Amino acid sequence: MLDKKLLIKSPELVKKNLSKRGYILKVDQWMKLESERKIAQVNLESNQENLNKLSKEISKSKDDEGLKDQASSLSTLVKQDKEILQSIQKSIDEFLLDIPNLLDETVPVGEDEASNEIIDEKGEIPNFSFEPKPHSFFIDKIDRGRGIKIAKSRFTVLSGEIAKLHRVIGQFMIDTHTKEHGYEELYVPYIVNKASLVGTGQLPKFEEDLFKLTESPDLYLAPTAEVPVTNLHRDEKLTLEQLPINYVCHSPCFRSEAGSYGKDTKGLIRQHQFDKVELVKICKPEKSEDEHTKLIADASKILELLELPYRKVTLSSGDTGFSASKTVDLEVWFPSQNTYREISSCSNFTDFQSRRANLKYKADKGNEFCHTLNGSGLAIGRTLAAILENYQTDDGNFIYPEVLKKYI
RNA sequence: GGAGAGGUGGCUGAGUGGUUGAAAGCGCUCCCCUGCUAAGGGAGUAUGUGGUAAUCCCGCAUCGAGGGUUCGAAUCCCUCCCUCUCCGCCA
């Protein structure tokens with residue numbers, strides 16, 4: 001959620017920033033709502049003030065029917081004023097929850113991923129003496145559509161060595177982040193409520209991307225650990241000593257993938273259920289840029305240790321997600337596709353999520369909103385897929401990355 | 001799932017219709033005293049929001065959430081949520 005004061009003070013500036021996303025801020029509608037609010041609120045509060053004063057007079061003087069009649073009609077008026085203000089406030093809330101975050105100045109401007117900016121390329125792209133197989137080749141040996149049989153399309157079964165590799169990858173990532181990067185490990189609920197999803201920005205706008213529990217209408221399967229982990233401190237006031245907070249959490253993620261029919265239908269790239277190791281940071285506003293750099297480095301480290309070729313990409317204005325101010329994706333090399341694919345998305349949300357989640361810290365002058373960040377460190381299914389492809393051998397097999405051998 | 005108890009400020013905990021935004025204690029901040037320390041004395045100490053640009057001033061709201069009764073609700077009524085205890089069930 002954006003700062004209301006900023007929106008009141010300089011709506012045109014906000015509009016200009018958001019237009020880079022292709023979002024058109026309805027300034028006229030906003031100004032109208034806001035001025036209606038002000039009138040309604042001032043009116044209500046002055047009537048309420050008079051009513052309060054009358055009530056006190058009544059409590060002092062006994063049985064003054066005249067005063068009571070006066071208070072009674074004023075009370076009715078206040079009730080009406082409240083309803084008017086409430087309905088305006090509701091419109092304002094809806095309006096505000098619909099607005100995406102302001103973009104960082106350094107975000108490249110462009111309509112879509114074509115304008116993303118490659119900032120770094122690392123690792124050696126493998127040279128195969130044979131036609132590299134897609135990772136689905138290895139998985140299909142066991143899966144053969146069984147995931148679909150058990151659940152539906154976009155579900156996959158792993159077995160034997162590959163299932164083990166999948167388990168071990170997560171272990172390796174968490175170990176690295178806790179032991180070498182100073183993150184605290186968390187285990188969290190995989191089902192989250194509405195308030196949490198509003199807090200991180202998935203709701204109300206993106207409900208169709210989620211799996212909803214029909215028996216408990218306010219509950220959803222978590223689409224990423226970002227939701228439970230960031231919301232851990234929702235409605236809290238953190239102390240300065242607590243910051244910065246660094247959490248790492250391995251969790252399954254559930255996404256409906258509505259609207260992605262026909263995309264990445266083979267293999268592990270796009271599943272309804274996948275595991276991910278997520279990194280979440282909560283910090284003071286002035287530190288978030290530095291923390292973002294660290295976050296990207298921490299996630300990249302995994303790819304480097306796994307010796308997978310990857311690149312860093314700053315997402316363009318049109319490609320940057322709703323809640324993020326700036327996002328840097330890590331993309332790993334997929335030989336069978338002869339291209340890089342996203343494996344991590346590292347975002348600085350500035351105070352956007354904090355405002356929604358009412359997440360503050362006690363600063364010297366008063367309570368301030370924290371900044372939140374998160375990034376995959378990394379998506380486990382895609383990491384597994386990348387390993388299978390990049391480490392495959394000409395006999396239709398694969399070998400293990402060096403750092404994972406001690407886990408196998 | 002059944003039965004019961006309960007949700008009040010940073011924390012503990014009073015408060016059953018009218019200066020209670022809320023006693024008291026703890027904690028915290030400042031001051032005083034005590035030649036150190038410990039102890040003691042005094043003052044202060046919620047958040048959000050609006051009028052305004054304003055850390056001053058004034059108002060409004062907030063005692064789990066939402067409704068209702070009333071001139072007036074932390075206090076009475078209804079609905080919901082959550083927590084705890086016992087029983088049942090269960091990993």
Side-chain angles (χ1 to χ4, degrees), chain A residues 1-14 30-97 187-199 203-204 212-213 215-220 228 231-243 245 252 285 351 354-370:
Chain A
M1 196 149 61
L2 297 187
D3 182 2
K4 242 183 84 179
K5 291 221 171 91
L6 180 69
L7 212 46
I8 290 167
K9 230 167 75 184
S10 25
E12 289 303 330
L13 261 177
V14 174
W30 164 248
M31 304 282 258
K32 184 162 170 281
L33 280 171
E34 176 53 25
S35 73
E36 281 174 4
R37 189 229 89 226
K38 189 185 274 192
I39 292 164
Q41 183 164 345
V42 169
N43 184 41
L44 163 67
E45 288 182 3
S46 81
N47 281 337
Q48 181 76 60
E49 182 181 359
N50 292 333
L51 178 59
N52 290 348
K53 281 177 182 161
L54 258 180
S55 290
K56 268 182 190 165
E57 279 181 48
I58 291 171
S59 74
K60 283 172 194 160
S61 64
K62 292 172 203 163
D63 295 327
D64 192 327
E65 290 305 321
L67 277 183
K68 280 194 186 178
D69 286 349
Q70 210 180 324
S72 183
S73 56
L74 192 50
S75 176
T76 311
L77 199 61
V78 164
K79 224 164 263 180
Q80 287 169 2
D81 291 346
K82 273 186 192 164
E83 278 170 29
I84 292 167
L85 180 62
Q86 255 173 30
S87 98
I88 295 169
Q89 197 56 54
K90 194 173 164 236
S91 303
I92 287 182
D93 290 344
E94 282 167 8
F95 187 88
L96 289 175
L97 284 174
Y187 170 81
V188 296
Y190 302 147
I191 291 175
V192 291
N193 59 31
K194 209 172 229 175
S196 297
L197 288 156
V198 170
L203 286 182
K212 186 174 188 171
L213 301 193
E215 294 301 315
S216 313
D218 271 2
L219 296 177
Y220 301 76
N231 279 281
L232 198 69
H233 297 291
R234 173 156 47 84
D235 290 321
E236 289 185 19
K237 283 179 207 91
L238 303 170
T239 60
L240 270 175
E241 300 81 65
Q242 282 177 277
L243 302 176
I245 287 174
D351 60 0
S354 290
R355 284 179 191 281
R356 291 176 159 243
N358 187 27
L359 168 53
K360 295 183 169 181
Y361 72 99
K362 223 173 166 59
D364 298 331
K365 330 156 201 145
N367 297 326
E368 302 270 357
F369 287 109
C370 300

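Please read all numbers here as calculations on a predicted model, not as lab measurements. Chain identifiers are assigned alphabetically (A, B, ...) following the order of the sequence lines, protein sequences preceding nucleic acid strands; residue numbering begins at 1 within each chain.
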Could you write out each protein N or O paired with an N or O of nucleotides 45-48 of chain B at a distance under 3.5 Å?
from, atom 1, to, atom 2, distance (Å)
B:G48, OP1, A:Lys360, NZ, 3.1

Can you tell me how far [atom2] of [N] sits from [atom1] of [X], to the nearest Å?
X	N	atom1	atom2	result
A:Asn358	B:U49	CG	C1'	13 Å
A:Leu85	B:A61	CG	P	12 Å
A:Leu219	B:C81	CG	C1'	12 Å
A:Asn43	B:A61	CG	P	14 Å
A:Phe369	B:U49	CZ	P	7 Å
A:Arg234	B:G64	CZ	P	18 Å
A:Lys5	B:G51	NZ	C1'	12 Å
A:Gln41	B:G59	CD	P	16 Å

Sticking with atom [atom1], work out how far [N] lies from [M], rounded to a whole angstrom.
N	M	atom1	value
B:C63	B:G4	P	27 Å
B:G17	B:U75	C1'	7 Å
B:G10	B:G27	C1'	8 Å
B:G64	B:U12	P	14 Å
B:C87	B:A14	P	27 Å
B:C60	B:U45	C1'	22 Å
B:A23	B:U16	P	15 Å
B:C30	B:A22	P	25 Å

Checklist line | Which residue lies more 5' along RNA chain B, comparing A:Gln48 with A:Val42 via nearest heavy atoms | finding: A:Val42

Note to self: Using heavy-atom distances to pick each residue's nearest nucleotide on RNA chain B, tell me which of A:Lys9 and A:Lys53 is more 5'.
What the structure shows: A:Lys9

Next item on the list: May I ask you to decide if A:Leu7's main-chain N or O and A:Trp30's side chain share a donor-acceptor pair within less than 3.5 Å?
Entry: yes

Margin query: Keeping A:Ser75 on the side-chain end and A:Ala71 on the backbone end, is there a donor-acceptor pair under 3.5 Å?
Written below: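 No, the answer is negative, given that no donor and acceptor are paired below the 3.5 Å cut-off.
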
Notebook entry, point to check: How does each nucleotide of nucleotides 66-73 of chain B score, in 5' to 3' order, for protein heavy atoms under 4.0 Å: base (B), sugar-phosphate only (S), or none (-)?
Noted result: -S-S-BS-

Going by side-chain contact (heavy atoms from CB on, under 4.5 Å), name the residues that satisfy it together with [X], two or more places apart in sequence or in a different chain.
X	result
A:Leu232	A:Leu186, A:Tyr247
A:Lys56	none
A:Lys38	A:Val42
A:Thr239	A:Glu241, A:Gln242

For [X], what residues pass the side-chain hydrogen bond (donor to acceptor under 3.5 Å, both in side chains) criterion, not counting sequence neighbours?
X	answer
A:Asn52	A:Gln48
A:Arg355	A:Asp351
A:Ser196	A:Asn193, A:Arg234

Checklist line | Partners meeting salt bridge (charged side-chain N to carboxylate O under 4.0 Å, His left out) with A:Glu94 (sequence neighbours left out) | finding: A:Lys90

Item checked: Residues A:Lys32 and A:Glu36 bridged, charged N to O under 4.0 Å ->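 So A:Lys32 pairs with A:Glu36 through a salt bridge.
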
Check: So, are A:Lys53 and A:Glu57 salt-bridged, with charged N and O less than 4.0 Å apart?
Finding: no

Item checked: Within residues 1-14 of chain A or reaching into it, pairs that qualify as side-chain hydrogen bond (donor to acceptor under 3.5 Å, both in side chains) - sequence neighbours excluded ->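 Listed by first then second residue: nothing to list.
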
Next item on the list: Using both pair distances under 3.5 Å as the test, note the stems of at least 3 consecutive Watson-Crick or G-U pairs that include RNA chain B.
Entry: B:1-7 with B:81-87, B:10-12 with B:24-26, B:27-32 with B:40-45, B:46-51 with B:57-62, B:64-68 with B:76-80

